[in-house]
Protein chains: 2
Amino acid sequence: MKIATWNVNSIRIRLEQVIDWLNQNPVDVLCLQETKVIDKDFPILAFEKIGYYPYIYGQKSYNGVAIISRQPLEDVSMGFTTIVPEIEPEWDEQKRVITGVIDGVRIINLYVPNGSAVGSEKYEYKLGWLKILREYLQVLLLSNPAISMCGDFNIALEDIDIHDKVKIENHIMASEPERQALRDILSLGFADAFRKFNSEKGHYSWWDYRTAAFKRNLGWRIDHHYLTSVLCDRAQSCIIDVAPRKLEQPSDHTPVIVEF
Amino acid sequence: MKIATWNVNSIRIRLEQVIDWLNQNPVDVLCLQETKVIDKDFPILAFEKIGYYPYIYGQKSYNGVAIISRQPLEDVSMGFTTIVPEIEPEWDEQKRVITGVIDGVRIINLYVPNGSAVGSEKYEYKLGWLKILREYLQVLLLSNPAISMCGDFNIALEDIDIHDKVKIENHIMASEPERQALRDILSLGFADAFRKFNSEKGHYSWWDYRTAAFKRNLGWRIDHHYLTSVLCDRAQSCIIDVAPRKLEQPSDHTPVIVEF
DNA sequence: GCTCGTTTAG
DNA sequence: CTAAACGAGC
């Protein structure tokens with residue numbers, strides 16, 4: 001099974017690129033983040049036309065996630081509270097979580113809050129959200145040994161995941177509290193698929209639109225596939241496809257594909 | 001000499017279409033309206049690359065006119081007050097008038113105010129502006145027997161210039177005071193080049209973006225070439241090129257071309 | 001409907 | 001730098 005994650009930064013703006021990419025890369029599942037569109041305006045038909053089933057969970061202007069699957073998903077669920085009713089409903093106001101099952105594998109697609117700046121209100125929200133995510137995963141793990149969790153985590157776990165032209169110290173997406181929150185999540189039993197195959201520095205999935213970051217290869221690896229051990233053991237590859245980032249009017253993120 | 005007038009509704013958005021059109025229709029002079037760009041951002045180079053000299057008179061966001069000429073213009077002048085110093089400088093705050101001479105022919109390119117709604121403040125401005133225009137033309141006529149005046153006049157002089165699905169009575173662009181103001185201008189010695197060759201109804205140069213007006217051919221003929229007698233006598237044709245209005249992301253106006 | 005500036009967000 | 005919403009203007 002091949003699963004891709006791609007923060008498309010507006011599915012309406014990026015639709016043609018995403019459809020083209022899917023035609024050239026017919027993965028089983030494509031997890032999208034930052035669709036930035038309410039469900040009634042999501043371009044469902046474009047995906048159906050090329051043989052995919054879209055499962056969408058969006059809102060106006062911001063956030064929004066979707067799972068595009070070659071075969072129908074089972075047990076689809078949007079948000080935290082559908083899985084863990086005890087979670088405060090406010091945590092589902094921003095549409096950042098969607099999950100479904102395919103061939104016994106639970107796919108979880110996440111758009112982790114960006115956090116703005118270390119110490120800001122949005123930063124606290126990000127840390128709080130990650131704690132909620134951990135609760136959510138704990139519940140799902142009870143009945144799902146095979147979980148493939150992916151998305152835009154907005155966190156680079158190691159310094160080698162970040163170009164060295166930036167002062168990482170207390171930088172958003174690299175601060176110790178964020179990394180610790182992510183480590184706490186992974187300690188539930190997830191492994192980074194990319195790092196099973198590659199331990200080099202200099203592999204990135206996101207380049208800021210500003211300061212010509214892509215041209216200068218000033219990137220960050222913040223889009224991840226995290227697998228439970230049963231899946232990580234059988235994983236065959238995890239690669240970053242830089243090509244879409246080179247197109248005209250690209251997303252600032254590029255797809256990451258795992259195969260197991 | 002072939003002269004075209006085209007309200008492009010943003011030269012930056014329409015640049016490719018305009019360059020393509022010029023390559024296919026290598027007129028001597030192209031008069032643009034609603035360029036919507038300050039002079040420093042006007043895409044001068046794109047026109048120079050295909051062998052034209054641009055003369056521009058723009059402002060931020062609104063209005064803006066330009067003359068694109070295959071040979072250099074003489075005696076170029078922007079605004080009313082450069083020609084008639086007595087006119088209040090406020091009438092030149094909106095960039096709507098540019099003129100220049102080529103082969104002894106004075107070209108005047110105008111973007112007449114839209115006027116919003118009959119009776120509105122903008123309507124009064126339009127009527128006032130047309131009176132100022134008349135003064136300006138009177139001065140130019142003193143030393144220029146051969147004048148070719150064109151542009152978006154935002155006035156349909158006759159009912160046959162308007163589709164019949166609209167209630168013309170007191171409609172902006174068709175009200176009697178507007179028509180009379182235009183007739184007062186033409187009485188200085190101008191003739192409608194289009195009507196020298198065509199007296200039918202149903203020929204339009206503008207279709208509202210709204211209500212699918214182009215598809216339903218609900219148009220107005222509000223873009224004109226008005227010639228002094230010496231030029232109208234030798235005029236060979238005046239045609240409306242509907243093709244650009246059929247393109248993707250078109251201007252709401254289409255070019256009108258006169259040859260003399 | 002379409003374009004523009006502004007604001008908010010990343 | 002890029003995207004979306006908003007309000008203006010036509």
Side-chain angles (χ1 to χ4, degrees), chain A residues 7-15 17 33-38 41 58-64 94 96 111-117 120-123 125-126 152-155 171-173 206-216 218-220 222-223 245 247-253, chain B residues 7-15 17 33-38 41 58-64 94 96 111-118 120-123 125-126 152-155 171-173 206-216 218 220 222-223 245 247-253:
Chain A
N7 177 323
V8 290
N9 188 13
S10 169
I11 186 58
R12 285 177 292 181
I13 292 287
R14 223 70 61 202
L15 183 60
Q17 285 180 33
Q33 303 89 36
E34 284 207 87
T35 54
K36 292 188 173 177
V37 69
I38 56 177
D41 292 338
Q59 67 179 85
K60 190 162 88 170
S61 301
Y62 305 116
N63 314 312
Q94 301 181 13
R96 297 176 174 278
Y111 176 49
V112 176
N114 169 281
S116 190
S120 67
E121 204 170 294
K122 292 198 169 96
Y123 179 76
Y125 180 85
K126 180 179 193 171
D152 174 2
F153 283 77
N154 270 316
I155 297 174
H171 194 295
I172 192 68
M173 302 189 292
W206 172 79
W207 298 259
D208 200 319
Y209 283 128
R210 292 161 286 194
T211 67
F214 183 65
K215 207 177 146 185
R216 301 157 65 201
L218 304 183
W220 293 61
I222 58 178
D223 301 274
R245 182 64 240 237
L247 299 175
E248 292 282 296
Q249 220 189 355
S251 167
D252 44 352
H253 297 251
Chain B
N7 178 324
V8 290
N9 189 14
S10 170
I11 186 58
R12 284 178 293 183
I13 294 287
R14 222 71 61 202
L15 183 60
Q17 286 181 32
Q33 304 89 37
E34 286 208 84
T35 54
K36 292 188 174 178
V37 68
I38 57 177
D41 292 338
Q59 67 179 86
K60 191 160 88 167
S61 300
Y62 305 116
N63 313 312
Q94 300 182 13
R96 298 176 174 279
Y111 176 48
V112 176
N114 169 280
S116 190
V118 174
S120 68
E121 204 171 294
K122 291 198 170 97
Y123 180 76
Y125 181 85
K126 181 180 193 171
D152 174 1
F153 283 76
N154 271 316
I155 297 174
H171 194 295
I172 192 67
M173 302 189 293
W206 173 78
W207 298 260
D208 200 318
Y209 283 128
R210 292 162 285 192
T211 67
F214 182 66
K215 207 177 147 186
R216 301 157 66 203
L218 305 183
W220 293 59
I222 58 178
D223 300 273
R245 183 64 241 237
L247 299 174
E248 292 281 296
Q249 220 188 358
S251 167
D252 44 352
H253 297 252

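Quick note on labels: first sequence line is chain A, next is B, and so on, each numbered from 1. This structure is a prediction, so every number in the text was calculated from the model and none was measured.
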ask   = Could you state the CD-C1' distance from A:Q59 to C:dT8, rounded to the nearest angstrom?
value = 14 Å
query = Does A:R14 have a side-chain nitrogen or oxygen under 4.0 Å from the phosphate oxygens OP1 or OP2 of D:dA3?
reply = yes
message = Side chain of B:Y111, heavy atoms from C-beta onward: which of C:dC4, C:dA9, D:dC10 has the nearest atom to it?
response = D:dC10
request  = Can you see which heavy atom on A:K36 is nearest to which on A:R12, and at what distance?
outcome  = O-NH2, 3.4 Å
query = Who does C:dT3 pair with, Watson-Crick or G-U, both distances under 3.5 Å?
reply = none
D:dA3 OP1/OP2 closer than 4.0 Å to side-chain N/O of A:Q249 = yes
query = Do B:Q94 and B:Y125 have side-chain heavy atoms sitting under 4.5 Å apart?
reply = yes
query = How long is the line joining OH of A:Y123 and C1' of C:dA9, in whole Å?
reply = 19 Å
query = Nearest-Å distance, CG (B:N63) to P (C:dG5)?
reply = 13 Å
Who pairs with D:dA8 - Watson-Crick or G-U, where each distance is under 3.5 Å = none
ask   = Using the benzene-type ring in the case of Trp, are the ring centres of A:W220 and A:H171 under 6.0 Å apart?
value = yes
ask   = Looking only at side-chain N and O atoms, does A:K60 come under 4.0 Å of OP1 or OP2 in D:dC6?
value = yes
request  = Could you please name the option among D:dC1, C:dG1, D:dA5 that lies closest to any side-chain atom of A:Y209?
outcome  = D:dC1
ask   = Just how far, in rounded Å, is C1' of D:dA5 from OH of A:Y62?
value = 7 Å
request  = Could you check how far CH2 of A:W206 sits from P of C:dG10, rounded to whole Å?
outcome  = 12 Å
Interatomic distance where NZ belongs to B:K36 and P belongs to C:dG1 [whole Å] = 17 Å
query = Taking the side chain as C-beta and beyond, is there a heavy-atom pair between B:W207 and B:D252 under 4.5 Å?
reply = no
query = When you check the phosphate oxygens OP1 and OP2 of D:dA3, does a side-chain N or O of A:S10 lie under 4.0 Å from one of them?
reply = no
inquiry  = Rounding to an integer number of Å, can you tell me how far B:I13 CD1 sits from D:dG9 P?
reply    = 20 Å
request  = Would you indicate what A:K215 reaches in the nucleic acid, counting non-hydrogen atoms under 4.0 angstrom: base, sugar-phosphate, or nothing?
outcome  = nothing
task = For residues B:Q17 and B:L247, determine if any side-chain heavy atom of one lies less than 4.5 Å from a side-chain heavy atom of the other.
result = yes
For atom CG of A:N114 and atom P of D:dT2, their distance in whole Å = 18 Å
